[in-house]
Asker: 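The structure's right below; bear with me while I get my questions together.
In listed order, ligands and their atoms are each counted from 1. Count residues from 1 along the sequence.
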Amino acid sequence: MLTLYYAPGTASLCVHQFLIELGIEHRLEKVDTDAKQQKSPEYLKLNPAGVVPTLIVDGAPMVESSAMLMWLAEQDPQARFVPGEGSRGRRDYLQWFLLLANGLQPPFRAWFYPAEPAGEAAIDAVKANARVRIEAMWDRINAHLEQNGPYVCGAQLTAVDFFLFMLCRWSRNMPKPATEWPYLAMFIASMKARPSFKTLYAREGLTEWA
Ligand SMILES: N[C@@H](CCC(=O)N[C@@H](CS)C(=O)NCC(=O)O)C(=O)O
């Protein structure tokens, strides 16, 4: 059985929701990030970067939430959440997975851990820059959804939408959250309406942005 090391609301959230959505049996191991459990020698053996999530598959650890989503989508016998090979949707799927993981998740890391890139003295500049980069991506994704939505790959809901939805959630307390962009707001509302979202919130004990 799969085991997901998670912490509520963090990068594990999309994987947790997707496991629920797929109906794949799994075990949860909560990582106490307040107590820095993710930096313990035991956890670092699983995830050398000391971050959540980690997914244990056949006894071997897998890292990177976006890779987990892609892999899980492939495990679904009905292939419900991955566009068919050779389709326009497949190109969008690959492109946006990489773009979100390389271009949107990193500025969120800078926003939430602003001392990391250049120390305490640079916090304000790092956050200001992260905000600009995040909002530029919302502009770009909103335009894509307007043209090709309602989901990232058009009419088909795919694994990449769960990744995008989590990133949207992370912006909820920012000066201009993702809900300020109309097509992103519609996307968010439709993702929130999924039963897996309710189950996820109950399991992780989340209430904010319900
Ligand atoms: N690219 C990684 C990012 C993982 C990540 O940065 N996780 C954060 C929570 S969202 C974390 O574990 N932070 C605790 C820390 O860095 O000590 C992924 O998507 O799996």
Side-chain angles (χ1 to χ4, degrees), residues 2-22 24 26 28-57 60-75 81 93-120 122-123 126-127 129-131 133-134 137 141 152 158-174 177-178 191 197 200-201 203-209:
L2 301 176
T3 300
L4 178 66
Y5 284 80
Y6 84 106
T10 67
S12 49
L13 181 136
C14 59
V15 183
H16 190 185
Q17 184 179 6
F18 199 45
L19 283 165
I20 296 167
E21 188 82 35
L22 288 165
I24 293 181
H26 59 279
L28 293 174
E29 280 285 347
K30 191 167 178 174
V31 177
D32 185 347
T33 47
D34 290 337
K36 294 269 174 265
Q37 201 189 334
Q38 74 277 21
K39 307 297 183 204
S40 67
E42 299 75 34
Y43 188 79
L44 288 173
K45 278 186 206 151
L46 303 175
N47 188 321
V51 294
V52 279
T54 303
L55 186 67
I56 309 295
V57 186
M62 179 177 191
V63 299
E64 287 302 325
S65 56
S66 51
M68 292 171 202
L69 291 177
M70 287 188 240
W71 179 75
L72 285 169
E74 289 172 10
Q75 306 314 301
F81 299 102
Y93 180 77
L94 295 171
Q95 172 190 298
W96 284 100
F97 247 131
L98 273 285
L99 206 43
L100 296 177
N102 289 330
L104 185 54
Q105 203 183 15
F108 268 114
R109 178 87 199 177
W111 178 262
F112 288 119
Y113 301 86
E116 258 180 12
E120 297 288 331
I123 277 182
V126 166
K127 285 193 82 164
N129 174 269
R131 183 182 166 190
R133 288 193 289 154
I134 290 167
M137 280 297 282
I141 298 163
V152 171
T158 70
V160 73
D161 294 303
F162 292 84
F163 194 54
L164 173 59
F165 181 52
M166 175 183 78
L167 297 171
C168 290
R169 184 179 181 277
W170 288 356
S171 74
R172 69 195 180 280
N173 295 320
M174 290 187 71
M191 293 299 286
F197 179 69
L200 171 81
Y201 258 49
R203 284 210 204 159
E204 295 206 355
L206 299 171
T207 50
E208 213 187 334
W209 209 66

Asker: Taking V126's backbone N and O only, do any of them form a donor-acceptor pair with N129's side chain (distance below 3.5 Å, no angle check)?
Answerer: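 No, the answer is negative, given that no donor and acceptor are paired below the 3.5 Å cut-off.
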Asker: Starting from atom 9 (C) of ligand 1, what is the nearest protein heavy atom, named by residue and atom, and what distance separates them?
Answerer: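 Residue, atom and distance for the closest contact: T10 CB, 3.6 Å.
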Asker: To check your reading of the model: name the closest protein heavy atom to atom 3 (C) of ligand 1, its residue, and the distance in Å.
Answerer: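 Result: Q105 NE2, 3.8 Å.
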Asker: Between L69 and C14, is there a side-chain heavy-atom distance shorter than 4.5 Å?
Answerer: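 Answer yes - side chains close enough.
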Asker: Find all atoms of ligand 1 within a distance of less than 4.0 Å from any non-hydrogen atom belonging to V51, and give their numbers and elements.
Answerer: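 Within the 4.0 Å cut-off of V51, ligand 1 contributes 4 (C), 5 (C), 6 (O), 7 (N), 11 (C), 12 (O), 16 (O).
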Asker: Is there a heavy atom in K36 that sits closer than 4.0 Å to ligand 1?
Answerer: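 No.
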Asker: Is Y6 close to E29 at the side-chain level, that is, under 4.5 Å between some pair of heavy atoms?
Answerer: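 No, their side chains stay 4.5 Å or more apart.
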Asker: In ligand 1, which numbered atoms sit nearer than 4.0 Å to a non-hydrogen atom of G50?
Answerer: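 Within the 4.0 Å cut-off of G50, ligand 1 contributes 15 (C), 17 (O).
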Asker: Could you tell me whether ligand 1 has any atom less than 4.0 Å away from a heavy atom of S66?
Answerer: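 S66: no contact with ligand 1 (<4.0 Å).
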Asker: Which of these passes ring-ring contact (aromatic ring centres under 6.0 Å, His included) with F197: F165, F162, F18?
Answerer: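 Going through the options one by one, the only one that passes is F165.
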Asker: Of the protein's non-hydrogen atoms, which lies at the shortest distance from atom 6 (O) of ligand 1, and what is that distance?
Answerer: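 For atom 6 (O) of ligand 1, the nearest protein heavy atom comes out as R109 NH1, 2.8 Å.
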Asker: Contact between I134 and W170 at the side-chain level, heavy atoms closer than 4.5 Å - yes or no?
Answerer: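 A side-chain contact under 4.5 Å is absent here.
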Asker: Is the shortest side-chain heavy-atom distance between L2 and L72 below 4.5 Å?
Answerer: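 Heavy-atom side-chain distance check passes, below 4.5 Å.
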Asker: For N47 and V52, indicate whether the former's side chain and the latter's backbone hold a donor-acceptor pair under 3.5 Å.
Answerer: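 Such a contact is absent between N47 side chain and V52 backbone.
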Asker: Starting from atom 10 (S) of ligand 1, which protein heavy atom do you reach first, and at what distance in Å?
Answerer: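 The closest heavy atom on the protein side is A11 N, 3.2 Å.
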Asker: What do we get for F112 next to ligand 1 when only non-hydrogen atoms under 4.0 Å count, side chain, backbone, both or neither?
Answerer: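 The answer is neither.
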Asker: For atom 13 (N) of ligand 1, what is the nearest protein heavy atom, given as residue, atom name and distance?
Answerer: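 The answer is Y113 OH, 2.7 Å.
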Asker: Counting heavy atoms only, name the option from Q37, Q38, M68, M62 that's nearest to atom 17 (O) of ligand 1.
Answerer: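 Selected option, by shortest heavy-atom distance: Q38.
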Asker: Measure the distance from atom 2 (C) of ligand 1 to every protein heavy atom, then report the residue, atom name and distance (to 0.1 Å) of the closest one.
Answerer: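 Its nearest protein heavy-atom neighbour is E64 OE1, 3.4 Å.
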Asker: Might you work through the side-chain contact (heavy atoms from CB on, under 4.5 Å) test for M191 and L164, ending with a clear yes or no?
Answerer: CA-CA 10 Å; M191 293 299 286; L164 173 59; over 6 Å; no
Asker: Could you list which atoms of ligand 1 come closer than 4.0 Å to a heavy atom of P53?
Answerer: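 Near P53, the atoms of ligand 1 are 20 (O).
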Asker: Does V52 reach ligand 1, in the sense of a heavy atom lying below 4.0 Å from it?
Answerer: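 Contact check V52 vs ligand 1: positive.
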Asker: So which heavy atom in the protein is nearest atom 20 (O) of ligand 1, and how far is it from that ligand atom?
Answerer: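 Minimum-distance protein heavy atom for atom 20 (O) of ligand 1 reads S65 N, 3.0 Å.
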Asker: If we ignore hydrogens and angles and just use 3.5 Å, is the side chain of E204 paired with the main-chain N or O of G9 as donor and acceptor?
Answerer: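 Such a contact is found between E204 side chain and G9 backbone.
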Asker: Using a 4.0 Å cutoff against the non-hydrogen atoms of K39, which atoms of ligand 1 qualify?
Answerer: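 Near K39, meaning under 4.0 Å from one of its heavy atoms, ligand 1 has 15 (C), 16 (O), 17 (O).
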Asker: Going by heavy atoms in the side chains, are K39 and Y43 under 4.5 Å from each other?
Answerer: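 K39 vs Y43: side chains apart.
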